[in-house]
There are 2 protein chains.
Amino acid sequence: MDRINLSLLKALSENARMSYAELGKRVHLSAPAVAERIKKLEEKGVITGYRPNFNLEKMGIPITALVECQVYRTKEREFKSLIMTLDEVIECYNVTGPQAFVLKVGVTSMSSLDYLLERLIDLSDTNTKMIMSMPINENMPKNIEKVTEITDS
Amino acid sequence: MDRINLSLLKALSENARMSYAELGKRVHLSAPAVAERIKKLEEKGVITGYRPNFNLEKMGIPITALVECQVYRTKEREFKSLIMTLDEVIECYNVTGPQAFVLKVGVTSMSSLDYLLERLIDLSDTNTKMIMSMPINENMPKNIEKVTEITDS
DNA sequence: AATGAAATGTCTAGAGC
DNA sequence: GCTCTAGACATTTCATT
């Protein structure tokens, strides 16, 4: 990782649909040079994809929540299978500690949240925190250039 | 929101750098028609941006964690200011319940996590869960077409 | 709100350094 | 690894429906 690639990653973070030509202007490189660098970052698996960010409220999903699940000892496998099938689960983290799974879920109403939790509760104890806002939403630590190995470009 | 816009959002979710021409093929519309629809989705705030997904491990951030923070009664303001300045905080959720903030943090080592937690602990009690994997990582509920209002296209 | 056509801008592959 | 070039492709604008 050199300084130019880091600049490219930061520029893409601002707008992942930016053209190679525009990216090139930012890093003082030609479009083909940028295209090649980005292709390599994709091949190395540093960049794993590109996504739009949505406003879920405006898509009819007014309620999002974090659900911590303390899965019953013998039910781990079953729990994993279940959550893979649940439409409302947007993200799932497998974490250390007794609440081994943290789900981010999106629902249309409190009653559909209630119904979702009922399906989980056969296999786990749940603890639900309603999301009120997301004051920070980045995709990498802000000090990345200080902590990652920078080679000469 | 009509069926075509929903298809566009799903196609962009798979690859937000897809060209309007390619998107047009998927929904049987011309490139200018697609460009205009997407521009309107952006203007309405349904799409709020486009981002690359990174593999943080490959960027020198091998450790990510969720940190729940129970902020001391009188320290909310100060806590909020603090976290805005912390480089390691990638996401912050403001949620209901005593642990009013959930942070997603990325660090290079356990000692830097320890140092981060020390800075938080003056203003809150923390509970840290190390992230081991992320088996689900979507950007909208999978049943969106069943729960959002679909108008005729 | 969509189309087709024209002009402009961007990408990609290849040659050369 | 970079630049440049040229042909292919994509985007944007606009007249039309």
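Because the structure is a prediction, the values reported are computed rather than measured. In what follows, every chain begins at residue 1, and chains take the letters A, B, ... in the order their sequences are listed.
As a whole-Å value, the separation of B/I38 CD1 from D/dA10 P is 14 Å. For A/L29 and C/dT12, the CG to P distance is 16 Å, given to the nearest whole Å. Summarising the geometry, the separation between CD on B/E22 and P on D/dA10 is reported as 8 Å, rounded to the nearest angstrom. Atom pair A/I4:CD1 and D/dT3:P shows a separation of 9 Å (rounding to whole Å applied). Computed from coordinates, the B/M1 CE to C/dA1 P distance equals 13 Å when rounded to whole Å. Computed from coordinates, the B/D152 CG to C/dA1 C1' distance equals 14 Å when rounded to whole Å. Here C/dA2 presents its C1' atom at 9 Å from CZ of B/R37, a figure rounded to the nearest Å. The nearest whole Å value for the distance from the NZ atom in B/K39 to the C1' atom in C/dA2 is 15 Å.
In the set D/dC2, C/dT12, D/dT11, C/dT12 carries the atom at the smallest distance from any side-chain atom of A/P32. Among D/dA10, C/dT10, C/dA2, the nucleotide with an atom closest to any side-chain atom of B/A21 is D/dA10. Out of D/dT3, D/dT11, C/dA1, the shortest distance to the side chain of B/Y20 is found at D/dT11. Out of C/dC11, D/dT11, C/dA2, the shortest distance to the side chain of A/S19 is found at C/dC11.
Checking side-chain atoms of B/K58 against main-chain N and O of A/K44 turns up a donor-acceptor pair under 3.5 Å. The main-chain N or O of A/M130 is found under 3.5 Å from a side-chain atom of B/T96 such that the two form a donor-acceptor pair.
For A/K40, a side-chain nitrogen or oxygen approaches OP1 or OP2 of D/dG1 to under 4.0 Å. At the phosphate of D/dC2, neither OP1 nor OP2 sits under 4.0 Å from any side-chain N or O atom of A/S30.
Between the side chains of B/E91 and B/Y93, a donor-acceptor pair is found at a separation under 3.5 Å. Donor-acceptor pairing under 3.5 Å is lacking for the side chains of A/D122 and A/Y72.
If A/R17 and A/A31 are placed on DNA chain D by their nearest nucleotide, the residue sitting closer to the 5' end is A/A31.
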**Report entry** A/Y115/A/E88 under side chain to side chain donor-acceptor pair (under 3.5 Å): CA gap, chis, key distance, verdict
**Finding:** CA-CA 11 Å; A/Y115 178 56; A/E88 300 88 343; over 6 Å; no
Requested in this report: Walk me through it: do B/T126 and B/S124 pass the test side chain to side chain donor-acceptor pair (under 3.5 Å)?
Outcome: CA-CA 6 Å; B/T126 65; B/S124 70; 5.9 Å; no
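If you look at B/F79 and B/F101, their ring centroids are closer than 6.0 Å.
With the end axes of the helix from C/dA1-D/dT17 to C/dC17-D/dG1 each set by five pairs, the angle from one to the other reads 30° at 10° resolution.
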